[in-house]
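See structure below.
Numbers restart at 1 for each chain; the letters A, B, ... are given by sequence-line order, proteins then strands. Here the structure is a predicted model, which means the values were calculated and not measured.
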Amino acid sequence: MSGALVLPFAQVGKGDVNLAGGKGASLGELTQAGIMVPPGYVVTTDAFNAAHAAVDPDGAIQADVAALDGSDVATVTSVSERARAAVERSRVPDQIMAAITSAYQELCAQTDRYDVPVAVRSSATSEDSADASFAGQQDTYLWVRGADGVIDAVRRCWASLFSVDSITYRRRRDMPEEGLAMAVVVQRMVVARSSGVIFTRSPLNGDRSVVAVDASWGLGSAVVGGEVTPDSFTVSKVTNDIVKRQVATKLVRDVPAPSGDGIMTEDVPAELQSVPCVTDDEILRLVAIAKQVERHYGVPQDIEWAICEGIEGPDTFLLQSRPETVWAAKDADKPAAAPAAKAFHHVLAKFGGSVPGGRTGAGPTAADPEARTEDKDG
Amino acid sequence: MTETPLTDTHIARTFTLPSALETPPGADGWEEMYPYFTRFRPEDDQRFWFYNAMHFPEPMPAFDAISAEVSYAAIGANTARLFVFPTTLGIEYRIVNGRVYITANPVMDPADVERRAVEFAERAGHYYENWVSIYDGWQQRIEALIGEIESIYVPTLPEFDDFEAIKAGRGYAENHLVVQNYNRCIDLFSKMWHHHTEMLMLGYGAYVVFFDFCRSVFPDITDQALSRMVGGVDVTMYRPDEELKKLARRAVELGVDDLFFEGCTADQVLGGMRERGDGGAAWLADFEAAHDPWFNVSSGDGFYHHHLSWADDLTLPFSALPRYVGMVKAGESLERPTDFLKRERERIAQEYRAILTSDEERAAFDQMLELCRTVFPFVEDHKFYCEHWFATRFFQKIRAYGALLARRGVLADEDDIFHLQRTEALQALLDVELAWSSGGVEMGARHWQPVVEKRKRIVGALSRWQAPPALGPMPEGLNDPAVHMLWGVTAETIQTWADASTDADEVHGYAASPGVVEGLARVLMSVNEIGELQAGEILVCPVTAPSWGPVFGKIKAAVSDIGGTMSHAAIVAREYGMPAVVGTGTATHTIRTGQRIRVDGDRGVVTILDKATSDGASS
């Protein structure tokens, strides 16, 4: 056992992906940056390693998985079942149980509840570009209550590393089984009145000067899962003007199940369906936070957020932030414009007309009238 | 095989043809009000035309058609002949049912474009490279021109000519000056329009380049944000309103502020001042000083004789003064936050710049912005000199000629001269010149007065005509930036017209100033109705000229038929932080005073909330 088994978010930063997984590192980083995220802690990869050493002391499971052919569904399925069962049935070492329990009790101590509901999510350490989708294959358990429940959910997250999907994904890419580890995030649930997703650039056209806010009633799962068409707002980062608003008809929302365990989908009351689920002030507050996060990371972000009705008015939380990848990959390597010899050459280029031979537009050469004359002579 | 139906569909997209337009009831004979060369010809059905509602929102009285004639004669010449823009010649205009429709003449042959591009580079380059000194010279030229129009003598034709003419050995009688000085007014008006367009296309060109670049890298950037980066703070157009504020402060300092109350008239105040000893005299001196030139600000854009300036009609300044005086007394600041506005302008530009992803882009951005800021004193300030100060003086001179015609019995009223074409007015003056000389009686009374009466009725009938925004086949090639700039419309605008929603509860325009408010509409067709405006109402008007500025302190939002995001109304609304939708085309026709409306300045939409209940309930 080399390090901490459990670390509160405040003690994790973006350099700690190996210890806390991508999600855990991100939440820690946000917490350290002063961004409001629901409090929580990370069950580290060291905890995983220690627990897994107990489950698979001679590396037999690891060897079985490593030997699999990713396209052999039947064998993958049977190995997966065995591996998962082994992990899920294993007894978590006392030290780790104690660490998780104590951290959970600390979360409870911050509230007036002894069984504060938490979300338990796997936090993969894989950092390849498909991390997001890979992580998406890991498990998430919402509205988990009590230390025993948390420990059980943590164990199931660990086991999800051996799900058919996860194994197939690794085997198809020939990823090593050795050193494979999984951190788990345990985070207080927030009862979101409204929630959604923010891109700190336009998801439609890549514009980096705007923030796109998608929002719907209830928990974020409805927006992320595509169950509703969310309200959609585009806000200028520079002027803070809401430049586009689209208020959708939001038919359903996810809410905590009345049983106290898990969530359920219900109809949005008729009077709320067609009204914006966030106020302009809330939008601007979200945008301010999103800008802060983007500044912190230095690249456009893809953020999940929630607004809860607190005792002193609405509280805004970020649940997750990760680099935006779609437009980042598309970003043109050639600049949209280049300086000309003289400023007015841009005007000459613009109004020079589109003549066969490709002298159109404000490109670097077109903006140079000398180049144009040569063109003509040649 | 698939091409044929596509082409058919394309050809099918056409607006009403000019030849298919009908004369509105009561407007028969409108053609006689305008020169023959302004009428649509059969072959004009083959071309795309659009209604220039921006500059000519009302039917043209016969004389006022000179505003179209002279301005298009100037702008086309400057674009096509002087600076030789490669892809575009000038603008052709036609008048139908009193409305001005225009189309641009593009240069189609690539070889011509090529040839012109060489000329353009040299000519435009010279102006850009020497912009500051040329603009300096421009200001001197335009002020000299204003001096000239102001000094023009409109003969009064007394019974006996002035003895001075004898003593000085002048050698001609006063009637010689009637036509000569009238023609001089027309000549100067033409020259003003040449000066006006001389630097304007190049100035706009710099804006277009910067705006297009910003839109390519920031597709969601708003026109508002763009104009705030290049917009003016210390702009001459704000000066008239500043002068009013100064007069309000002076009234309080001099202890004569009690003369200003809601509903007071200019005559009451000025009369009162004369009875208030030194304080009143001091205020009147300040008033006179501010009056010239700063009250030479048109209630429109200087295109119509009846868009009177503050100097011609003191209603507007004196309806604003009581509120300003009240604010001074209450210790409220009347200052525009110019330092803040300048900081904001810089901040916005710097933040957009910072979002750019390469040093090359940032360098290009700097060049383009710098060029905008070089040209912008002209772009911002020319309006005051040309459309306001000069045009005020010009229409005053023509009105003085109208007074001469009225005194001589040719016309019933001085303003009737504006119902004669400029060449007809010349004829009427020739009539006067002769009659004064012969001792006979002008024949014009019998000839012109029925014409004027008829034309007044026609203009009234035409004002009820709803002019279609466009005529003829939808244009194919609308990708040329120079054509965009000349026309002021884009392919999208035309598409919007083609798809025009028939939803009468909504009016669409430019989102000129952000925010959403609801309130009661007050439709004001002219600045002279300003007294009807109640605090907290939403102003709905054809066009807000700078002289309407003082009104903005009173209203909740502004909606106009005409104007873009760089229009004065838009800029002032943003400064006051109130929503505005401009360039709606039809707001004053669609919305009625007293209706509850919602102005969405984020989307550019005005919604009538109680259409059903107020239809018919209002006058």
Evaluate the criterion side chain to side chain contact (heavy atoms under 4.5 Å, CB included) for residue pair Val208(B) and Phe351(A); output intermediate values, then yes/no. CA-CA 10 Å; Val208(B) 167; Phe351(A) 294 96; 4.0 Å; yes
Once rounded to the nearest 0.5 Å, what's the spacing between atom CG of Leu356(B) and atom CZ of Arg208(A)? 9.5 Å
Interface check, chain A: of Glu344(B), Arg362(B), Arg347(B), most non-hydrogen pairs under 4.5 Å belong to Arg347(B)
Would you indicate whether Arg81(B), at its atom CZ, is surrounded by more than 12 heavy atoms from other residues, nucleotides or ligands within a distance under 6.0 Å? no
Scanning both residues in full, the closest heavy-atom pair of Leu348(A) with Phe120(B) reads CD2-CE2, 3.6 Å
Residue pair Val238(A) / Phe218(B), side-chain heavy-atom distance below 4.5 Å: no
Angle class for the Tyr128(B)/Phe344(A) ring planes (parallel below 30°, perpendicular above 60°, tilted otherwise)? parallel
Please answer whether the main-chain N or O of Val210(A) pairs with a side-chain N or O of Asp220(B) as donor and acceptor at a distance below 3.5 Å. no
Should Arg228(B) and Thr239(A) count as side-chain neighbours, where that means a heavy-atom distance under 4.5 Å? yes
The side chain to side chain donor-acceptor pair (under 3.5 Å) partners of Ser232(A) (sequence neighbours excluded) come to Asp214(A)
Any idea which heavy atoms bring Ala206(B) and Val347(A) closest together, and the distance? CA-CG2, 4.1 Å
Counting heavy-atom pairs under 4.5 angstrom with chain B, the leader among Thr234(A), Asp241(A), Asp280(A) is Asp241(A)
Ile221(B) versus Asp207(A), closest heavy-atom pair with distance: N-OD2, 3.8 Å
With the side chain counted from C-beta on, respond yes when Glu129(B) and Lys342(A) share a heavy-atom pair under 4.5 Å apart, and no when they do not. yes
Do Lys350(A) and Asp212(B) pass the side chain to side chain contact (heavy atoms under 4.5 Å, CB included) test, and can you show the C-alpha distance, the side-chain angles, and the key distance before you say yes or no? CA-CA 9 Å; Lys350(A) 170 71 70 184; Asp212(B) 281 2; 3.0 Å; yes
Output yes when a side-chain donor or acceptor of Glu360(B) lies under 3.5 Å from a complementary backbone atom of Ala337(A), and no otherwise. no
In terms of heavy-atom proximity below 4.5 Å to chain B, should Arg201(A) be classed as side chain, backbone, both, or neither? neither
Is Tyr352(B) in contact with chain A via its backbone, its side chain, both, or neither, using a 4.5 Å heavy-atom distance? both
Shortest non-hydrogen separation from Ala364(B) to Pro339(A) and the atoms involved: CB-N, 3.9 Å
Is atom CZ of Arg285(A) surrounded by more than 12 heavy atoms (other residues, nucleotides or ligands) closer than 6.0 Å? no
Around Glu309(A), counting heavy atoms of other residues, nucleotides and ligands shown, do more than 12 lie under 6.0 Å from its CD? yes
Would a 4.5 Å heavy-atom cut-off, applied to side chains only, mark Lys237(A) and Glu351(B) as touching? no
Closest approach of Pro219(B) and Asn205(A), non-hydrogen atoms and distance? CB-ND2, 3.3 Å
